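Worksheet: one structure, shown below.
In the text below, chain A, chain B and the rest are named by the order of the sequence lines, each starting its count at 1. Keep in mind that the numbers below use all heavy atoms, side chains included, and drop hydrogens, waters and symmetry copies. All of these numbers come straight from a predicted model, not from anything done at the bench.
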Number of protein chains: 2
Amino acid sequence: MSDEPDVDAPSPRGAATLDEVARLAGVSRATASRAINGGSRVSERARVAVDDAVRRLGYTPNLAARSLVTRRTGSVALVVPEPDERVFSDPFFARTLHVVTRVLSERDLQVVLLIAGPGEQEERMLRYLRNRHSDGAIVVSHHRRDSFADQLVSLGLPASFIGRPWRHDDEVSWVDTDNVAGGREAARLLQERGCRRIATIAGPADMTAGVDRLEGWRQAMADAGHADDAVARGDFTIEGGEAACKQLLAEHPDVDGIAVASDLMALGALRVLSAAGRRVPDDVAVTGYDDLGVAERSDPPLTTLSNPISEMAAEAARLLLAQLEGGSAAPRRVVFAPTLVRRASA
Amino acid sequence: MSDEPDVDAPSPRGAATLDEVARLAGVSRATASRAINGGSRVSERARVAVDDAVRRLGYTPNLAARSLVTRRTGSVALVVPEPDERVFSDPFFARTLHVVTRVLSERDLQVVLLIAGPGEQEERMLRYLRNRHSDGAIVVSHHRRDSFADQLVSLGLPASFIGRPWRHDDEVSWVDTDNVAGGREAARLLQERGCRRIATIAGPADMTAGVDRLEGWRQAMADAGHADDAVARGDFTIEGGEAACKQLLAEHPDVDGIAVASDLMALGALRVLSAAGRRVPDDVAVTGYDDLGVAERSDPPLTTLSNPISEMAAEAARLLLAQLEGGSAAPRRVVFAPTLVRRASA
DNA sequence: CTGAAAGCGCTTACAG
DNA sequence: CTGAAAGCGCTTACAG
């Protein structure tokens with residue numbers, strides 16, 4: 001009869017609020033809140049009434065309001081400081097996302113993928129983290145230039161790294177494989193098979209995996225009294241491997257063994273070697289690194305170092321959970337061993 | 001001198017608050033807030049003082065608090081109801097993410113990728129959206145079984161679809177290509193090139209792109225008085241294309257033309273045909289669909305229908321922005337035309 | 001088990 | 001241009 005809105009009715013536009021639920025259920029806001037969140041210290045009668053009201057109103061808690069007081073968001077960011085093309089072309093990331101999602105699902109956490117190349121995108125991503133959109137972050141492929149480790153440490157945001165961070169490696173939790181050992185093993189394998197002129201296609205100098213694998217290779221070369229000057233760099237992509245292999249062939253035509261720091265780059269190297277008429281492994285033996293499926297399907301199949309990527313990702317997720325749940329757990333590091341997988345290429 | 005904490009000092013733990021910024025700058029919270037958000041109606045003097053205080057305290061606004069009142073989060077979800085393996089193996093998604101991110105970046109929106117196969121993951125994703133973690137959603141590869149269109153409509157969450165939704169197609173904004181026309185064109189091309197027994201490898205029956213392309217193919221076959229019984233289904237993956245092609249060859253050994261509903265499936269078909277000793281296009285002509293880069297690199301390169309994926313993704317982002325900014329803009333649909341790209345396979 | 005009250009940290013009319 | 005005040009929607013001691 002009146003033009004005034006009915007104050008007691010649920011708000012016509014917008015989502016229902018806890019207040020409305022409580023009113024409909026005939027309890028206080030506090031009790032409604034308890035009933036909705038687990039229901040400890042709530043009578044059966046109240047719980048049922050609240051559940052019913054929730055259903056009838058289609059109530060969903062306002063996350064912003066809840067976060068404001070609980071300081072939790074229920075989501076975790078998987079941070080990938082790489083251009084999206086690379087993220088989508090390297091199976092490493094798919095596997096990582098898959099496993100991380102599985103582990104965090106058990107705690108009912110939503111995984112949110114943040115992909116950003118350098119520059120403005122990275123700034124926005126940091127702001128996202130700084131604003132606490134997520135309860136924590138797992139950083140997966142970080143570079144010397146990016147400041148994620150610095151930022152996360154100073155933010156105090158729970159975080160874990162997959163791959164040893166450049167700085168603060170004793171202030172954040174991380175998992176990695178022993179890349180120095182892996183680099184060494186690759187070089188030794190080539191030595192043992194009788195290669196006289198062993199080169200390497202190393203990973204990016206701004207990633208610890210790149211640097212560490214190269215370091216291992218150098219150690220083994222030095223130990224065996226071999227020259228360690230046949231070094232080219234790639235960016236962990238097929239194209240990068242192609243370019244590096246061409247360069248190697250041009251500068252060191254006598255090369256008869258190449259330790260490549262990733263399977264994808266090794267694939268590129270195989271292409272170039274094939275185009276150059278060099279047989280693998282007879283003329284040039286090749287080792288890869290990662291063992292991510294592509295290694296089995298290449299021609300010839302790659303002898304490579306297998307990283308337990310699923311285990312690493314799962315462990316990184318667990319390290320994060322420990323911080324999320326255990327309060328201020330001390331940073332931990334977990335290092336896995338790579339294992340040599342012999343196939344046909346070396 | 002006292003054990004009591006100094007009440008006027010910035011809170012020792014946790015982030016600085018607007019209150020502290022205001023106090024340090026010597027202004028009210030309201031003025032500090034205005035200075036931080038754009039700075040209209042703020043004196044130069046106040047602005048400088050606030051900026052300075054922000055810097056000195058390392059202040060970051062609490063997003064939950066801000067969202068609670070503005071009802072904005074500053075982020076947008078790219079929703080992909082697919083298992084992660086598929087997302088990472090199909091270049092379509094990489095391209096889409098790339099373009100969407102670029103367009104939304106201009107409005108300073110963070111794109112958050114939500115990937116979830118059916119089941120529990122999907123539930124969690126819906127809850128994420130329902131809780132308004134994001135200001136809007138772009139849904140990219142949706143299936144009949146998933147209820148994203150229903151849910152988003154009833155949520156009232158600003159959204160746009162890439163690919164015509166199954167239901168509510170007049171209640172949400174969407175972009176698509178004219179898949180019926182594309183299916184028709186593929187069939188006609190094969191007819192014109194003289195194929196007598198034309199088959200198709202259709203996409204999933206639970207995706208509109210699959211259904212529409214098949215429908216177009218059937219129309220053209222009917223128009224030409226050809227039989228339309230040689231139909232196999234795939235799931236838009238290479239493996240799916242292989243299986244479907246094998247089936248086709250077994251059931252219709254006389255097939256001499258195949259319209260395949262995606263490039264990835266066409267790749268699988270090429271493999272199977274090659275293994276079966278059928279020359280392409282001489283024995284069997286093959287068309288793909290999408291033109292996503294793999295089409296150029298296949299052997300032989302694929303004749304295919306090119307979808308303007310970047311334009312579609314950009315348009316979808318713009319449709320979402322229109323809703324975000326224009327209030328309750330009416331839902332809009334934008335349909336692009338596919339264009340035939342002739343290469344060697346047909 | 002329950003409710004009144006305080007408070008999370010911000011923005012935004014409103015009045016000056 | 002500025003500040004006091006209200007309010008966004010929740011959770012959580014606290015007292016009963």
Let me know the distance between CG of A:Leu63 and P of D:dG9, rounded to the nearest Å. 14 Å
Could you give the CZ-to-C1' distance, from A:Arg45 to C:dC1, as a whole number of Å? 12 Å
Donor-acceptor pair under 3.5 Å, B:Arg34 side chain vs D:dG3 base: yes
Base, sugar-phosphate alone, or nothing: which one does B:Arg71 contact when heavy atoms must sit under 4.0 Å apart? sugar-phosphate
When the P atoms of D:dC14 and D:dC10 are compared, how many Å lie between them, rounded to an integer? 24 Å
Can you confirm whether A:Arg333 is buried at CZ, in the sense that more than 12 heavy atoms of other residues, nucleotides or ligands lie under 6.0 Å from that atom? yes
Separation of C:dT2 atom C1' from A:Arg47 atom CZ, nearest Å, is 16 Å
Tell me whether the side-chain N/O atoms of B:Thr17 come closer than 4.0 Å to OP1 or OP2 in C:dC8. no
Length of the line joining B:Leu68:CG and D:dG9:P, which is rounded to integer Å: 7 Å
Let's see if you can work this out: which of C:dC10, D:dG9, C:dT11 has an atom nearest to the side-chain heavy atoms of A:Val69? D:dG9
Would you say A:Ser67 places a side-chain N or O within less than 4.0 Å of OP1 or OP2 belonging to C:dC8? no
Nearest 0.5 Å, please: how far is CD in A:Glu82 from NE2 in A:His142? 11.0 Å
Do other residues, nucleotides or ligands put more than 12 heavy atoms under 6.0 Å from B:Arg56 CZ? no
Which is more 5' along DNA chain C, the nucleotide nearest A:Arg41 or the one nearest B:Thr70? Just name the residue. A:Arg41
What integer number of Å spans the P atoms of C:dT2 and C:dA6? 22 Å
Rounded interatomic separation in angstrom, taking CG from A:Asp19 and C1' from D:dT11: 13 Å
Decide whether A:Asn37 and A:Arg66 meet the rule of one side-chain donor and one side-chain acceptor closer than 3.5 Å. yes
Given atom CG of B:Asn62 and atom C1' of C:dT11, what is their separation to the nearest angstrom? 13 Å
Between A:Glu44 and A:Ala30, name the one whose nearest nucleotide on DNA chain C is closer to the 5' end. A:Glu44
Taking atom C1' in both C:dG16 and C:dT12, what distance in whole Å separates the two? 16 Å
Atom CZ of A:Arg29 and atom C1' of D:dT12: how far apart are they, to the nearest Å? 12 Å
So, OP1 or OP2 of D:dC1: does either fall under 4.0 Å of a side-chain N or O from B:Ser43? no
For B:Asn37 and C:dT11, is the shortest distance between a side-chain N/O and OP1 or OP2 below 4.0 Å? yes
With a 4.0 Å limit, can you tell me whether B:Thr31 has a side-chain N or O closer than that to the phosphate oxygens OP1/OP2 of D:dG3? yes
Which of these passes side-chain contact (heavy atoms from CB on, under 4.5 Å) with A:Ile115: B:Val111, B:Leu97, B:Val112, B:Thr101? B:Leu97
Atom CG of A:Leu18 and atom P of C:dA4 are separated, to the nearest Å, by 13 Å
State, to 0.1 Å, how close B:Pro331 and B:Asp170 come at their nearest heavy-atom pair, and which atoms those are. CG-O, 3.6 Å
Checking all strands, does B:Ala46 fall into the base, sugar-phosphate, or nothing category for heavy-atom contacts under 4.0 angstrom? sugar-phosphate
Base-pairing mate for D:dG16 - Watson-Crick or G-U, with both contacts under 3.5 Å: C:dC1
